[in-house]
Amino acid sequence: MNDIIYLVPALGLVGLLYTFWRFNWVSNQPTGDENMQKLSGYIADGAIAFLKAEWKILAYFAIPTAILLFWLGSDEGTPDHPIHSSPVIALAFLIGAVFSATAGYIGMRVATKANVRTAQAARTSLAKALEVSFTGGSVMGMGVAGLAILGLGGLFIVFYQMFAAGHELTSVEMKKAIEVLAGFSLGAESIALFARVGGGIYTKAADVGADLVGKVEAGIPEDDVRNPATIADNVGDNVGDVAGMGADLFGSYVATILATMVLGQEIQVSDNVGGFSPVILPMLIAGVGLLASLVSTFFVRISSETASVQNALNLGNWLSIAITFVSSYFLVHHLLPDTLNLRGFEFTSNGVFLAIIVGLIVGALMSAITEYYTAMGKRPVLSIIEKSGTGHATNIIGGLAVGMESTVLPILVLAAGIIFSYKFAGLYGVSIAAAGMMATTAMQLAIDAFGPIADNAGGIAEMSQLPSEVRGRTDNLDAVGNTTAATGKGFAIASAALTSLALFAAFVGIAGIKAIDIYKADVLAGLFVGGMIPFIFSALCISAVGKAAMEMVNEVRRQFREIPGIMEYKAEPEYEKCVAISTQASIRQMILPGAIALISPVLVGFTFGPEVLGGMLAGVTVSGVLMGMFQSNAGGAWDNAKKSFEKGVQIDGVTYYKKSEPHKASVTGDTVGDPFKDTSGPSMNILIKLMSIVSLVIAPYIAVKTDASVGQKELQKIEKTAAKVVKISTSNKG
């Protein structure tokens, strides 16, 4: 294997060095007055308390799972049916889990520092506020990408030396190294699911409780310091939209690269890197994507109060895509030979590059379409605003319709992406398209994470009663952040579909099956069961938010009722009790949805076999992608419809503002959309990939076994039939 592989972890270290440098820059920015610092401290303490409680529960899950993987990895199978794994897969799993948790922690730490500093920067200018908030987001983006590339590249080198040193890429020894590496992705996605679901339940329980009692019943502004749930709400932005999203995209990033490596391991080539180019290429594309994102962060700037924040973010995004596009051309043609072959499908290096272009185009189109359906001033959001004029029910109807409609174009784009990437480079093309799409994850996550930071900054500005122009600047950032958050979720769901197809192909190969025949009753049953899983998963997530929100509503009402002086600013609410409700509810309620994703593939695979499991995975993928898009886009559109009232909206020629009846209807819609867009919707992409990775890990143990004696009998039958045909043919000629 060529020394170029060492460039992969080196690029990961570059990302982490950037993370450290910019983290220190954010830390050195002014923090505002004592009251602002105190409120920021409450938020940071609440976020740390949640993460500690969550990590404790996750340790109870991770350690037994690692023991089980160690035991499974010890099984070498039989000479006729060898199992290419190792007990070391347990270590890879734990490293993936720790790295995933660390990715979330990095994001949460910088977000709780950047929020108050963004609020203070907003006292000077919109440009400075954008610089601080986006830099905080870029710290998270680079940290996640750096950890992923360092972990994958470093472990690949270690496992190659342990299991396959001196062997070819297509050898069984190399197959074992890749199978063990899958444990890293399994650990990352497992923690990501619990972090995303737990964080989503936390943030939406607090948000719904704060909105229903504070804004609707008491008539006080959002993030008012008198609202007991407001600290929990701001904590939730960090543990859900930041820490949860960090772990989420870390897992997605790793799974996408791994899927391409698993398929690449089957390709035998002669190249200038020892025949390893099909597995090295996706890691290097991720590395240059990180560098492209790093360079592009310095171009996200505005120069005036009237400049477009969205345009500044779009510039950084498009620049990172353009640099990745150019770099990928040289990488592909330097590493890959002219022709390659995977499972009988022959393709060229040019085809691989075209597949990468397809992935970049699909990612860009998915972001643009999602922005259209969720941004303020666009037709979908305006239609929800219009329906708010006739009440709460019509607002809900409008939001549901927008969410359902928003699945059409993305699915058509996704379908076209799958068809073209397969045409250009087969199954490897589909997986490398996903790798190309995810290459700029660092920039995507920077843009995504800036939103919750700006939201928190607005909360601190409101609670600190800063001048109205400060809140105006933070609201400007927050409104853009709502859209970028929605586009980030659409981007992640699209990557999940492509990645899951690649993982599915890898699973089919390892499990020893040639196709999934839905004419078989048990396979069709598996397809339907798989299609049902995203629905019960969503139901559990949304129900958990509802239960926790009821507790929050009752607690906020109790404090308004029993603590005199809150509404007159003479008494401080008991913020810690609301924080405790969200923490306990999220930790308790996240277990069952996570268990469904982890256990169902194991039960189906070992009970009914790999073909039925394949049917279930197909159902989960299709249903999950649609559910994820529908829920994320509906929630984002509802949220921005509500925010539009802050500057005033026109309905039938009349202008309405906050506290009007149409605004109250929009608050109801936003409340319904909260668990859609921040709990169940964005969890869909993790659900899809986690179930695929679990299936990939157990594939060697449920693989179809070929019975040699049966095979011999079948061969004898074929020979006898052939002899009869020859005899009849000869007699006819006579």
Side-chain angles (χ1 to χ4, degrees), residues 47 50 54 104 107-108 111 192-212 222-223 229 232-249 370 373-374 399 403 406 445 448-456 459 478-479 481-493 534 537-549 552 582-583 585-586 589-590 593 627-643 667 669-687:
F50 169 79
E54 183 181 56
M108 190 277 298
L193 182 66
F194 286 111
R196 172 53 99 178
V197 172
I201 293 170
Y202 186 112
T203 183
K204 292 304 107 180
D207 197 3
V208 171
D211 282 357
L212 289 181
E222 185 174 4
D223 296 316
D233 186 8
N234 283 277
V235 170
D237 290 337
N238 292 286
V239 301
D241 295 339
V242 178
M245 176 60 83
D248 176 354
L249 282 188
T370 306
Y373 275 101
T374 58
S406 72
L445 194 48
D448 198 331
F450 123 92
I453 292 172
D455 192 4
N456 258 211
D478 186 26
N482 278 336
T483 303
T484 59
T487 57
K489 290 160 190 167
F491 174 84
I493 292 167
F537 182 90
S538 295
L540 290 169
C541 292
I542 294 171
S543 177
V545 171
K547 291 175 183 176
M552 189 69 69
S582 272
T583 301
S586 58
Q589 300 288 342
M590 73 178 183
M627 283 287 284
M629 289 178 180
F630 157 59
Q631 293 184 76
S632 296
N633 292 341
W638 265 319
D639 196 352
N640 271 340
K642 178 202 70 175
K643 287 193 178 299
V667 171
D670 178 44
T671 304
V672 173
D674 274 339
F676 274 33
K677 71 181 177 66
D678 290 324
T679 308
S680 58
S683 299
M684 285 298 120
N685 73 86
I686 315 176
L687 172 73

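All values below were derived from every heavy atom in this structure, side-chain atoms included, with hydrogens, water molecules and symmetry-related copies excluded. Quantities reported herein were computed from a predicted structural model and do not represent experimental measurements.
Summarising the geometry, atom OG belonging to S683 is positioned 9.0 Å from atom CD belonging to Q631; distances are rounded to the nearest 0.5 Å. For the atom pair CZ of F50 and OG1 of T203, the computed distance is 10.0 Å after rounding to the nearest 0.5 Å. The line from CZ of F630 to OG of S680 is 9.0 Å long, rounded to the nearest 0.5 Å. Rounding to the nearest 0.5 Å gives a distance of 9.0 Å between CG of N640 and CG of D670. Distance check, rounded to the nearest 0.5 Å: CD of Q589 to OG of S543 gives 7.0 Å. The distance from atom OG1 of T679 to atom CG of D207, rounded to the nearest 0.5 Å, is 9.5 Å.
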Should K677 and K204 be marked as a side chain to side chain contact (heavy atoms under 4.5 Å, CB included) after you check the CA-CA gap, both sets of side-chain angles, and the distance that decides it? CA-CA 10 Å; K677 71 181 177 66; K204 292 304 107 180; 4.1 Å; yes

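Panel note: side chain S406, backbone G403; a donor-acceptor pair is recorded below 3.5 Å. The backbone N or O of M629 lies less than 3.5 Å from a partner atom in the side chain of N633, making a donor-acceptor pair.
Residues V545 and I201 share a closest heavy-atom pair of CG2-CA, 4.0 Å. Heavy atoms only, all atoms of each residue included: A232 and Y202 are closest at O-CE2, 3.4 Å. Nearest heavy-atom pair across A47 and N238 is CB-CB, 4.5 Å. Between E54 and G199, the shortest heavy-atom contact is OE2-N, 4.4 Å. Summarising the geometry of I542 relative to P675, their closest heavy-atom pair is CG1-CB, 4.3 Å, with the distance given to 0.1 Å. When all heavy atoms of A634 and G399 are compared, the pair lying nearest together is CB-O, 3.7 Å.
Side-chain contact between D478 and K643 is present, with heavy atoms from C-beta onward closer than 4.5 Å. Counting heavy atoms from C-beta outward, P682 and R196 have side chains that approach closer than 4.5 Å.
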